[in-house]
Chemist: 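Below is a structure I'd like to ask you about.
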Amino acid sequence: MSNIQSLTYFLPELILTSSAMVIILTDVFFRGRNRNRLIWLLSLVALGIAAIFLLLQTTPPDAIFYGALAVDPYSRFFKWIFLLATVVIYVVSPYSRELDNNPRHEYYLFMLLVVFGLFLMASALDLIIVYLSIEIVSIGSFVLAGFLKQERLSNESSLKYVIYGALSSGVMLYGLSLLFGIAGSTNVFDIQAALSGVPDKAHLTLAVALLLVLTGFGYKIAMVPFHFWTPDVYQGAPTTITAYLSVAPKAAGFALALRILGITFGSSPDMNLGEWLPVEGLPFGTLIAIFSAATMTVGNIIAIQQSSVKRLLAYSSIAHAGYMLMAAAILNAQAVSAIMFYLAVYLFMNLGAFLVAIFIHNRYGYDEIEEWKGLGFQAPAVAVAMGIFLFSLTGLPPTAGFVGKVYLFSVLIEAQQFWWLAVLGVLNSVVSLYYYMRILKAMFLDSEPTGERISGHPALSGTILLLMIPVLLFGVYWSPLMNLVRSSLEFFSPGM
Amino acid sequence: MVVPLYHILAFAGLLFTIGVVGVLFRRNAIIVFMSVEIMLNAVNLAFVAFSRYHGNVNGQVFVFFIMTLAAAEVAVGLAIIVSLFRNLRTSDISEIRLMKH
């Protein structure tokens with residue numbers, strides 16, 4: 001589809017970029033006292049308009065911008081996840097005390113640009129867009145992670161983020177250049193056509209290219225062994241940003257990896273077939289299964305030893321990427337829908353847990369488990385909500401996390417492959433119960449009621465309680481969400 | 001005389017390895033960023049070589065994107081090093097270990 005025609009299908013993204021320009025200009029020319037508030041409001045309005053255009057968007061018959069971007073129900077589902085996560089973070093950001101000494105208007109601007117990058121990640125169909133979108137997200141996140149300029153931890157976290165980010169994107173680019181070399185095109189469908197006809201001799205090159213590309217994707221979803229940045233960045237970054245990084249870019253990484261790997265290394269260009277097979281002779285499933293096993297085991301084992309809640313949640317988020325990769329080893333329609341369902345549920349429970357961490361941080365300025373002692377008596381509603389988020393993260397009924405995990409495990413069991421991986425997944429869930437319960441124990445059992453009450457800003461506590469609703473609701477009545485996921489399971493393919 | 005594809009690819013592979021080793025073993029943050037640039041330039045070389053081999057311009061277009069984004073990435077990286085240096089008075093990454101492991 002030509003560029004001019006494509007613009008009508010690109011409106012949500014256009015809104016995001018143009019409002020970023022407006023915000024930069026406002027920042028330059030408006031020097032009033034309420035600048036932070038004004039820019040906060042402008043960005044929320046921009047997100048709202050983008051959401052309206054996303055809602056009204058129709059599916060074009062062809063990929064837009066000459067085959068560079070797909071506008072399909074699959075990408076739209078992920079765009080809703082990004083918008084939801086962003087709006088939650090925007091709503092609570094003005095009430096996070098950590099950010100008080102820094103100009104928040106720039107923070108809002110960078111978040112808007114990151115959302116634009118995430119949108120591109122969900123629809124990329126061309127290797128150039130893959131690289132471009134990952135970098136747009138990364139560069140914005142580097143700045144956001146180091147946003148507390150006076151804090152050494154924040155400096156350190158953003159330096160580590162930049163170095164690991166640059167290294168992994170360089171390695172990924174080398175893999176992309178190999179793919180381009182084998183196929184002679186940057187379009188994923190052309191690459192797929194070329195790869196399904198490569199002689200057996202070239203399979204080693206193909207496996208190397210797959211590994212190198214997985215480095216870049218693995219970095220975004222925090223897959224072991226490309227996870228080294230995660231704990232440090234999550235600990236040092238402002239907690240609002242940690243919450244955001246643990247949800248939105250991870251979801252985008254999965255959206256991108258599933259689509260790009262699924263098409264390029266699949267034996268058919270059409271992802272809608274339901275069954276998926278890798279290019280003949282490529283051990284795709286086994287490779288992902290090994291990464292998945294390593295990711296969840298490392299994440300859970302190291303999480304046990306953590307005393308900082310932010311760091312603990314960082315390792316737990318690594319483990320969750322491992323659970324989702326478990327389904328990616330099969331990569332049929334059921335697996336993709338299970339991953340999408342889990343990502344949607346993960347959005348609510350993980351954001352919720354991090355918002356409670358912000359609540360505690362506002363009060364004490366630390367995030368050690370020690371500080372959580374007695375929270376059950378001081379702020380009962382928030383503590384109960386945290387308990388529900390933790391139950392859901394462990395995967396205990398009747399919470400949404402349980403339903404999500406059942407779907408993930410059922411993929412392996414119905415495909416009758418990788419039994420060992422399913423067993424390992426269950427064992428890992430048991431391990432995770434231990435460290436999540438440590439937080440619960442600190443909140444409810446480790447101190448006597450003192451009668452002291454702490455209360456956060458109503459916007460913060462209100463958001464925490466609002467996030468609790470879907471976690472409980474989808475735990476008992478999940479069919480609406482699953483229906484939404486199933487109806488979003490429609491990929492763009494050139495023969496459509 | 002036309003340089004064969006294999007020679008260019010071998011050179012690109014060598015450059016890339018030098019870059020990766022530099023990132024992994026050098027301690028000064030600025031040298032680390034220079035090593036990243038070497039990696040990216042190795043990739044650029046491979047892209048241009050493949051692009052010429054296949055007669056497809058997309059590879060060369062890709063190189064332009066890599067160059068601009070690398071510049072942006074380094075700009076942010078150097079800004080972070082400056083702000084870190086103000087707080088810690090060092091740019092040696094082996095000394096920047098405040099967080100427990």
Side-chain angles (χ1 to χ4, degrees), chain A residues 126-129 131-132 134-136 138-143 145-146 148-167 169-187 190 228 231-236 302 305-308 311, chain B residues 5 9 12-13 16 19-20 22-24 29 32-33 35-51 53-56 58-59 61-66 68-70 72-88 91 93 96-101:
Chain A
D126 194 287
L127 299 188
I128 299 181
I129 305 286
Y131 172 61
L132 204 61
I134 288 186
E135 285 297 295
I136 292 175
S138 295
I139 292 176
S141 317
F142 298 154
V143 179
L148 308 176
K149 269 191 291 188
Q150 291 82 23
E151 300 256 349
R152 290 172 177 191
L153 283 186
S154 185
N155 291 159
E156 181 183 337
S157 91
S158 77
L159 182 72
K160 284 184 173 159
Y161 205 9
V162 175
I163 290 175
Y164 284 120
L167 178 68
S169 70
V171 174
M172 179 188 74
L173 272 176
Y174 198 64
L176 295 183
S177 84
L178 288 181
L179 279 183
F180 175 71
I182 298 171
S185 168
T186 52
N187 184 286
D190 294 346
F228 290 106
D232 290 350
V233 171
Y234 282 20
Q235 190 185 1
I302 306 185
Q305 308 152 6
Q306 302 307 319
S307 62
S308 144
R311 225 173 149 79
Chain B
L5 178 68
L9 291 185
F16 188 78
V20 172
V23 174
L24 295 179
V32 168
F33 274 100
S35 307
V36 168
E37 289 298 302
I38 295 178
M39 280 168 62
L40 293 179
N41 281 321
V43 173
N44 284 346
L45 191 63
F47 264 116
V48 173
F50 281 131
S51 167
Y53 175 77
H54 286 293
N56 183 332
N58 272 358
V61 175
F62 209 140
V63 170
F64 279 107
F65 280 101
I66 295 176
T68 42
L69 278 174
E73 199 164 39
V74 167
V76 171
L78 288 178
I80 289 168
I81 294 176
V82 168
S83 91
L84 192 76
F85 190 81
R86 279 196 191 141
N87 285 332
L88 289 175
S91 62
I93 44 179
I96 306 171
R97 287 209 175 145
L98 300 168
M99 290 183 235
K100 44 193 147 167
H101 292 277

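All chains are named by letter (A, B, ...) in the order of the sequence lines, taking the proteins before the strands, and each is independently numbered beginning at 1.
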Chemist: What is the minimum heavy-atom distance between B:Glu73 and A:Ile139, and which atoms define it?
Modeler: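 Taking B:Glu73 first and A:Ile139 second, the nearest heavy atoms are N-CD1, 3.9 Å.
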
Chemist: Verify, without hydrogens or angle tests, whether B:Asn87 (side chain) and A:Arg152 (backbone) share a donor-acceptor contact under 3.5 angstrom.
Modeler: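 Here the side-chain-to-backbone pair does not exist.
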
Chemist: A:Tyr131 vs B:Phe62 aromatic rings, parallel, tilted or perpendicular, using cut-offs 30° and 60°?
Modeler: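 A:Tyr131 and B:Phe62: tilted rings.
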
Chemist: Relative to chain A, which segment of B:Thr68 carries a heavy atom at a distance below 4.5 Å: side chain, backbone, both, or neither?
Modeler: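 Neither part.
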
Chemist: For chain B, which of A:Val171, A:Leu127, A:Asn155 has the most heavy-atom pairs under 4.5 Å?
Modeler: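 Looking at each of A:Val171, A:Leu127, A:Asn155 in turn, A:Asn155 comes out on top.
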
Chemist: What is the minimum heavy-atom distance between B:Ile80 and A:Ser158, and which atoms define it?
Modeler: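 Closest approach of B:Ile80 to A:Ser158, heavy atoms only: CG2-OG, 3.2 Å.
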
Chemist: If you count heavy-atom pairs within less than 4.5 Å of chain A, which of B:Val20, B:Val32, B:Val23, B:Ile66 leads?
Modeler: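 Top option by heavy-atom pairs under 4.5 Å: B:Ile66.
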
Chemist: For a quick test of reading the model, state the closest non-hydrogen atom pair linking A:Ser177 to B:Val43 and the distance between them.
Modeler: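 Where A:Ser177 meets B:Val43 most closely, the heavy atoms are CB-CG1, 4.3 Å.
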
Chemist: Need one label for A:Ile136: side chain, backbone, both or neither, based on atoms under 4.5 Å from any heavy atom in chain B.
Modeler: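 It is neither, since no heavy atom gets under 4.5 Å.
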
Chemist: If you take all heavy atoms of A:Val162 and B:Gly77, which pair is closest and at what distance?
Modeler: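 So the two residues come closest at CG1-CA, 4.0 Å.
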
Chemist: Which residue is it: A:Thr186, A:Asn187, A:Asp126, A:Asp190? I am looking for the one with a side-chain hydrogen bond (donor to acceptor under 3.5 Å, both in side chains) to B:Asn58.
Modeler: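 By the side-chain hydrogen bond (donor to acceptor under 3.5 Å, both in side chains) criterion, B:Asn58 pairs with just one of A:Thr186, A:Asn187, A:Asp126, A:Asp190: A:Thr186.
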
Chemist: Which residue out of A:Ile182, A:Leu167, A:Val143 racks up the most heavy-atom pairs below 4.5 Å with chain B?
Modeler: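 The answer is A:Leu167.
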
Chemist: Which atoms of A:Ser157 are under 4.5 Å from chain B, going by heavy atoms: the side chain, the backbone, both sets, or neither?
Modeler: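 For A:Ser157, the contact with chain B is made by backbone and side chain together.
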
Chemist: To the nearest 0.5 Å, tell me how far A:Ile134 CD1 sits from B:Leu69 CG.
Modeler: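 Reported to 0.5 Å precision, the distance equals 11.0 Å.
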
Chemist: Quick check on A:Ser185 against chain B: is it the side chain, the backbone, both or neither that has a heavy atom closer than 4.5 Å?
Modeler: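 Both backbone and side chain.
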
Chemist: Nearest 0.5 Å, what's the CD1-CD1 distance between A:Ile163 and B:Ile81?
Modeler: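 The distance works out to 7.0 Å.
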
Chemist: Using a cut-off of under 4.5 Å on heavy-atom pairs, state which of B:Ala42, B:Gly59, B:Ala46, B:Ala29 scores highest against chain A.
Modeler: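 Result: the option with the highest number of such pairs is B:Gly59.
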
Chemist: Work out which heavy atom in A:Gly184 is nearest to a heavy atom in B:Asn56; give both atom names and the distance.
Modeler: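 The answer is O-ND2, 2.5 Å.
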
Chemist: State the CZ-CG distance between B:Phe85 and A:Leu159, to the nearest 0.5 angstrom.
Modeler: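 The distance works out to 13.5 Å.
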
Chemist: Take the angle between the ring planes of B:Phe47 and A:Phe180 and call it parallel below 30°, perpendicular above 60°, tilted in between.
Modeler: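 The arrangement is tilted - the two ring planes meet at 30° to 60°.
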
